[in-house]
Amino acid sequence: MKNTVVVGAQWGDEGKAKITDLLAQKADMVIRYQGGCNAGHTVVYNGETYKLHLVPSGILYGNKICFIGAGTVVLPEVFEQETKELKERGVDLSNLKLSPLATITMPYHTEIDGWAEDTVKKGKIGSTRKGIGQTYTDKMARCALKIGDLFDDETLSEKIDIILPLKNKILKEVYGLKEYSKEEIFELLKKYKKIFEPYICETWQELLKENKNKTILFEGAQGVMLDIDYGTYPFVTSSNAIAGGAGTGSGYGPTMIKDVIGVSKAYITRVGEGPFVTELKDKTGDKIREIGHEYGTTTGRPRRCGWFDAVIARYAGLVSGLTSVALTKIDVFDDFDEIKICTAYKDKRNGKIYENYPTNVFMHKYLEPIYETHAGWKTKLSNIRTYEDLPENCKKYLKRIEELIETKISIISVGPDREQTIFV
Ligand code: GDP
Ligand code: IMO
Ligand code: MG
């Protein structure tokens, strides 16, 4: 296997973790390069389900180096809980490494996130309340704490003196929230140091050098449509969820990346607010949600469901430079008489057709999907392991998707388990 990025090609929850876990068999190192514990990544292995938020999806093998890169933001309490649970379940974490350059999510980040979610009415994001946007805001504003800072008291003291007065002013005067004393922050950070100590990799440059000629898998979080620059802004997350994020967030440059696999579901889902042209607010949407168990891994919220959108898939192909697609959850349609695919959008006001993604999302309320309808296969797919054995209607449907998205499908997923996969 060549060095590969696994990236979400929709609004997240496409099944990236299943694909990453699967491909990790052939990798030496798996790197999470962006996002934080807003991600909910489910791996099913040996009939057991693991829900990961920050830990890379190669961890279950035990012998793969799993690196959490500089582009990520880390909420210490979630990291602590996640690593504790994995250890209790017998997962070997000796190869889990954390970049000292990853940014720490502080309690005031989650508090402001919660405040915004509870207070803002118009233009609410529907975030995961994990302080993601606020942590990245501070990182970009150059007033964030990095995990490496925890390991030098002098640096820490100096940085707190710079950050805290400004932070307190904002907390008090803008949000009416509780201020923090230096002692309080210091105590908290001592606790965080303990949490990160077993995993911090100060020698990350050597680690990356040693693995440079080995096989690297880059695990994306969220998806292209949640990317800060290319997604449905402002209804996005605050990091580069496109494949390009793997270059900045991992410590390896873009020349290391040879393949980019975009993960798409055979339909599409979204959690949180924002435009969604093919959304189904009817019984079909409910049916997809129930069969596909479309409830958020991180927040438990019901996911909004809709038909596959080839406009989005083509857009993802472009902005993430996809070399192929992994199409997941096609088994959810086993019982459907008809399956629709959106091929383009039409503006209700003037009949204008959009085959490329219109990036001004505030006019999406005027768009309607143009669908084509395909006959279902009415066959259980979950036990099929070869492309040849797929029912004819299913093959036709897959061929048509390939045509519409202008990218080949390299992996078809017919169930949550590692085994339930067809390599094309
Ligand atoms: P991620 O965030 O992209 O890693 O995806 P999530 O883990 O949040 O959501 C995907 C869900 O679909 C998980 O519960 C997976 O176990 C499940 N899943 C993945 N692939 C398939 C598939 O092909 N069929 C079915 N039925 N479930 C799948
Ligand atoms: P994985 O990696 C689906 C969504 C939130 C919200 C928006 C901003 O499991 O695919 P944030 O908390 O990031 O500030 O919220 O992004 N969101 C996700 N939706 N899957 C995810 O991750 C998501 N991470 C964030 O619901 O709409
Ligand atoms: Mg998820």
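Along the sequence shown, the residues carry numbers beginning at 1. As the structure lists them, so they are numbered: ligands from 1, and atoms in each ligand from 1.
If you check which protein heavy atom lies closest to atom 10 (C) of ligand 1, you get Asp13 O, 3.8 Å. The protein heavy-atom contact nearest to atom 27 (O) of ligand 2 is Val271 O, 3.0 Å. Nearest to atom 12 (O) of ligand 1 among the protein's heavy atoms is Lys329 NZ, 2.9 Å. Nearest protein neighbour of atom 6 (C) of ligand 2, counting heavy atoms only, is Gly126 O, 3.2 Å. Nearest protein neighbour of atom 14 (O) of ligand 2, counting heavy atoms only, is Ser127 CB, 3.7 Å. In terms of protein heavy-atom proximity, atom 13 (O) of ligand 2 is closest to Thr237 OG1, 2.6 Å. Closest to atom 16 (O) of ligand 1 among all protein heavy atoms lies Pro416 CB, 3.4 Å.
Met29 is listed as a side-chain neighbour of Tyr252, based on a closest heavy-atom distance under 4.5 Å.
Here the closest non-hydrogen pair linking Ser264 and Ala9 is OG-CB, 3.5 Å.
Under 3.5 Å, the side chains of Glu355 and Tyr345 contain no donor-acceptor pair of N or O atoms. No hydrogens or angles considered: nothing links the side chains of Thr278 and Asp309 as a donor-acceptor pair under 3.5 Å. For the residue pair His53 and Gln81, no side-chain donor N or O sits within less than 3.5 Å of a side-chain acceptor on the partner. For Thr328 and Lys18, the side-chain atoms include no donor-acceptor pair closer than 3.5 Å. Checked by atom type, the side-chain pair Glu419/Tyr45 shows no donor-acceptor distance below 3.5 Å. Side-chain contact, Asn240 with Asp229: a donor N or O sits under 3.5 Å from an acceptor N or O. Between the side chains of Gln34 and Gln222, at least one donor N or O sits under 3.5 Å from an acceptor N or O.
Residue contact check: Gly415 has heavy atoms under 4.0 Å from atoms 20 (N), 21 (C), 22 (C), 23 (O), 24 (N), 25 (C) of ligand 1. Listed by atom number, the atoms of ligand 2 under 4.0 Å from Ile125 heavy atoms are 8 (C), 27 (O). Applying the 4.0 Å criterion to heavy atoms of Glu14 picks out, from ligand 1, the atoms 3 (O), 5 (O). Those atoms of ligand 2 that come under 4.0 Å of a heavy atom in Gly40, given as number and element, are 1 (P), 9 (O). Atoms of ligand 1 lying under 4.0 Å from at least one heavy atom of Ser413, given by number and element, are 20 (N), 21 (C), 22 (C), 23 (O). Near Gly272, the atoms of ligand 2 lying under 4.0 angstrom from a non-hydrogen atom of the residue are 27 (O). In summary, the atoms of ligand 1 found under 4.0 Å from a heavy atom of Lys18, numbered by their order in the structure, are 20 (N). Listed by atom number, the atoms of ligand 2 under 4.0 Å from Ala39 heavy atoms are 1 (P), 2 (O), 9 (O), 22 (O). For ligand 1, the atoms closer than 4.0 angstrom to any heavy atom of Lys16 are 1 (P), 2 (O), 3 (O), 4 (O). Listed by number with element, the atoms of ligand 1 under 4.0 Å from a non-hydrogen atom of Arg303 are 8 (O), 9 (O). Of all the atoms in ligand 2, the ones that sit under 4.0 Å from a non-hydrogen atom of Trp11 are 3 (C), 19 (N).
Distances between N or O atoms of Asp331 and those of ligand 1 include at least one value under 3.5 Å. Checking only distances, Ile330 never comes within under 3.5 Å of ligand 1, N or O to N or O. For Ala17, a nitrogen or oxygen atom sits less than 3.5 Å from a nitrogen or oxygen atom of ligand 1, counting backbone and side chain alike. Geometrically, ligand 1 and Gly40 share a nitrogen or oxygen pair separated by less than 3.5 Å. Here's the thing with Ala221: none of its N/O atoms is less than 3.5 angstrom from an N/O atom of ligand 2. Checked by distance only, ligand 1 and Gly15 come closer than 3.5 Å through their nitrogen or oxygen atoms.
Checking Val236, Thr128, Thr269 against atom 8 (C) of ligand 2, the nearest heavy atom belongs to Val236. For atom 24 (N) of ligand 2, the candidate residues are Arg301, Lys124, Lys16, Gln222; the nearest heavy-atom contact is made by Gln222. The residue from Asp13, Leu226, Asn38 that puts a heavy atom closest to atom 18 (C) of ligand 2 is Leu226. The heavy atom nearest to atom 15 (C) of ligand 1, considering only Leu52, Val43, Thr42, is found in Thr42.
Ligand 2 has no atom lying under 4.0 Å from any heavy atom of Ser238. In this structure, His41 has a heavy atom closer than 4.0 Å to ligand 2. The shortest separation from a heavy atom of Gly223 to ligand 2 is not under 4.0 Å, leaving the residue out of contact.
Between Glu279 and Arg304 there is a salt bridge, with a side-chain nitrogen of the basic residue lying less than 4.0 Å from a carboxylate oxygen of the acidic one. The existence of a salt bridge linking Lys84 and Glu88 is confirmed by a sub-4.0 Å separation between a basic side-chain nitrogen and an acidic carboxylate oxygen. Salt bridge absent: Lys178 and Glu111 never bring a charged side-chain N and a carboxylate O closer than 4.0 Å. A salt bridge links Arg129 with Asp118: the distance from a Lys NZ or Arg NE/NH1/NH2 to an Asp or Glu carboxylate oxygen falls below 4.0 Å.
If you look at Gln222 next to ligand 1, there are no close heavy atoms at all, none under 4.0 Å. Neither the backbone nor the side chain of Phe235 has a heavy atom within less than 4.0 Å of ligand 2.
For Phe79 and Tyr199, the ring centers sit closer than 6.0 Å to each other. Two rings, from Tyr230 and Tyr357, have their centers 6.0 Å or more apart.
A cation-pi arrangement, defined by a distance under 6.0 Å to the six-membered ring centre and an angle within 45 degrees of its axis, is present between Lys287 and Phe336. Tyr61 carries Arg418 over the face of its six-membered ring, with the cationic atom under 6.0 Å from the centre and within 45° of the normal.
Asp13 contributes OD1 as its N, O or S atom closest to the Mg ion (ligand 3).
Put simply, the side chain of His364 gets close to the backbone of Pro358: a donor and an acceptor are under 3.5 Å apart.
The aromatic rings of Phe235 and Phe362 lie tilted to each other, with the angle between the two planes from 30° to 60°.
Residue contacts to the Mg ion (ligand 3): Gly40 brings an N, O or S atom closer than 2.8 Å.
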